[in-house]
Amino acid sequence: MVGVATLLLLRHGRTTANADGGLAGRQPVELDDTGRAQATAVGGRLAGLPLAAVVTSPLIRCRQTLELALPQAEPTVEDGLIECGYGAWEGQALKKLAKEPLWPVVQQHPSAAAFPEGESMAAMSARAVAAVRAWDARVTAEHGPEAVWLACSHGDVIKAIVADALGVHLDLFQRIVADPASVTAIRYTPLRPFLVRLNDTGGDLSALVPPPGKRRRRAAGATGSDAAVGGGAGAGRS
């Protein structure tokens, strides 16, 4: 898992819609008090990480999260990270939507789900994965293999990116969880991605920064795309 940048996926903090059981979609809902506290707390965990780039969904809840978590950052808006376009479903209560004929498709066969007047989940997955892979290649080329960068996005978007990294079908992505203000880490090696951390809502993130070059090469093994047989020694930096 060396020779490539490290992507940190940050979900925005809790919103008023999350708290009320509604589906915000692309509506301009903002963080509630809990969400603002979550954003501030994750900022403490991210403090000190040498972020080579910070990108964000254009929606205000992601931008508010970064304003609180990383006030010194100057995020770049990436439209590919925007929430799924839920169309006519946006703004409605989840308990009401659960009675819709499309609901079990979204739950069990999301690759076939297309929201009325909105986007398909397959299209959402494709553009989000393309966006983060393109950014990752760019960050690696510009800042080198020890670079760490962050993308702030939304629950279903992050789950779709994780499913792609794991090599599992989109129909299985509902098994993945991305809580508000959680951090997920992925490394895209030449042969396959590695999911380094998933839905992390507490603890030290400094171990996600790759070690300096000499120790990195010593830990590499056969190739940067190889997994550690037996599980390896973990992320210690000494």
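Keep in mind that the numbers below use all heavy atoms, side chains included, and drop hydrogens, waters and symmetry copies.
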4.5 Å side-chain heavy-atom contact, [X] and [Y]:
| X | Y | value |
| --- | --- | --- |
| Thr6 | Pro210 | yes |
| Pro193 | Arg133 | yes |
| Glu90 | Arg26 | yes |
| Asp156 | Tyr86 | yes |
| Asn199 | Ile176 | no |
| Val139 | Trp149 | yes |
| Val54 | Leu66 | yes |
| His12 | Asn18 | yes |

Once rounded to the nearest 0.5 Å, what's the spacing between atom [atom1] of [X] and atom [atom2] of [Y]?
| X | Y | atom1 | atom2 | value |
| --- | --- | --- | --- | --- |
| Ser125 | Asp164 | OG | CG | 6.5 Å |
| Arg45 | Ser206 | CZ | OG | 10.5 Å |
| Lys159 | Leu9 | NZ | CG | 14.0 Å |
| Glu100 | Leu94 | CD | CG | 12.0 Å |
| Thr40 | Arg36 | OG1 | CZ | 9.0 Å |
| Met124 | Ile161 | CE | CD1 | 9.0 Å |

Using a strict threshold of under 4.0 Å (side-chain N to carboxylate O), is an ion pair present between Asp33 and Arg14?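 Salt bridge absent between Arg14 and Asp33.
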Thinking salt bridges, do Asp136 and Arg187 make one under a 4.0 Å N-O criterion?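 Salt bridge absent between Asp136 and Arg187.
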Name all residues meeting the salt bridge (charged side-chain N to carboxylate O under 4.0 Å, His left out) criterion together with Arg138; count only those two or more places apart in sequence or in a different chain, and write none if there are none.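 Arg138: salt bridge (charged side-chain N to carboxylate O under 4.0 Å, His left out) contacts with Glu142.
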Treat each ILVMFWY residue as a node, draw an edge where side-chain heavy atoms are under 4.5 Å apart, and state whether [X] and [Y] are in one component.
| X | Y | result |
| --- | --- | --- |
| Leu68 | Val29 | no |
| Trp135 | Tyr188 | yes |
| Leu172 | Val157 | yes |
| Leu208 | Val148 | yes |
| Met121 | Val129 | yes |

Suppose the criterion is ring pair (Phe, Tyr, Trp, His ring centres under 6.0 Å): which pairs have a residue in residues 23-67, not counting sequence neighbours? none
Which heavy-atom pair separates [X] from [Y] by the least distance, and what is that distance?
| X | Y | result |
| --- | --- | --- |
| Arg61 | Thr65 | O-OG1, 2.7 Å |
| Pro110 | Leu170 | CG-O, 3.3 Å |
| Ala112 | Val105 | C-CG1, 4.2 Å |
| Val177 | Leu198 | O-CD1, 4.1 Å |
| Pro58 | Arg63 | O-NE, 2.9 Å |
| His154 | Ser57 | NE2-OG, 2.8 Å |

May I ask you to decide if the ring planes of Trp103 and Trp89 are parallel, tilted or perpendicular, using 30° and 60° as cut-offs? parallel
For the backbone of [Y] and the side chain of [X], can you confirm whether one donor and one acceptor N or O come within less than 3.5 Å of each other?
| X | Y | answer |
| --- | --- | --- |
| Asp79 | Leu81 | no |
| Asp32 | Thr34 | yes |
| Gln174 | Val106 | yes |
| Arg11 | Ala178 | yes |
| Ser153 | Ile158 | no |
| Ser120 | Ala113 | no |

Going through the checks in order, is the side chain to side chain contact (heavy atoms under 4.5 Å, CB included) test met by Arg192 and Phe194? CA-CA 7 Å; Arg192 57 188 169 192; Phe194 284 87; 3.8 Å; yes
Donor-acceptor side-chain pairing of Asp171 and Ser111 below 3.5 angstrom: yes
Answer yes or no: does atom CD of Gln107 have more than 12 heavy-atom neighbours from other residues, nucleotides or ligands under 6.0 Å? yes
Leu59: which other cluster members, linking ILVMFWY side chains closer than 4.5 Å, directly or transitively?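 Besides Leu59, the hydrophobic cluster comprises Ile82, listed by chain and residue number.
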Could you check Leu49 against Val209 for side chain to side chain contact (heavy atoms under 4.5 Å, CB included), going step by step and ending with a plain yes or no? CA-CA 7 Å; Leu49 295 188; Val209 179; 3.6 Å; yes
For Val42 and Thr201, what are the C-alpha separation, side-chain angles and deciding distance, and is it a side chain to side chain contact (heavy atoms under 4.5 Å, CB included)? CA-CA 8 Å; Val42 78; Thr201 57; over 6 Å; no
Using the side chain to side chain contact (heavy atoms under 4.5 Å, CB included) rule, take Cys84 and Phe115 through it: C-alpha gap first, then chi angles, then the decisive distance, then the call. CA-CA 9 Å; Cys84 185; Phe115 295 97; 3.8 Å; yes
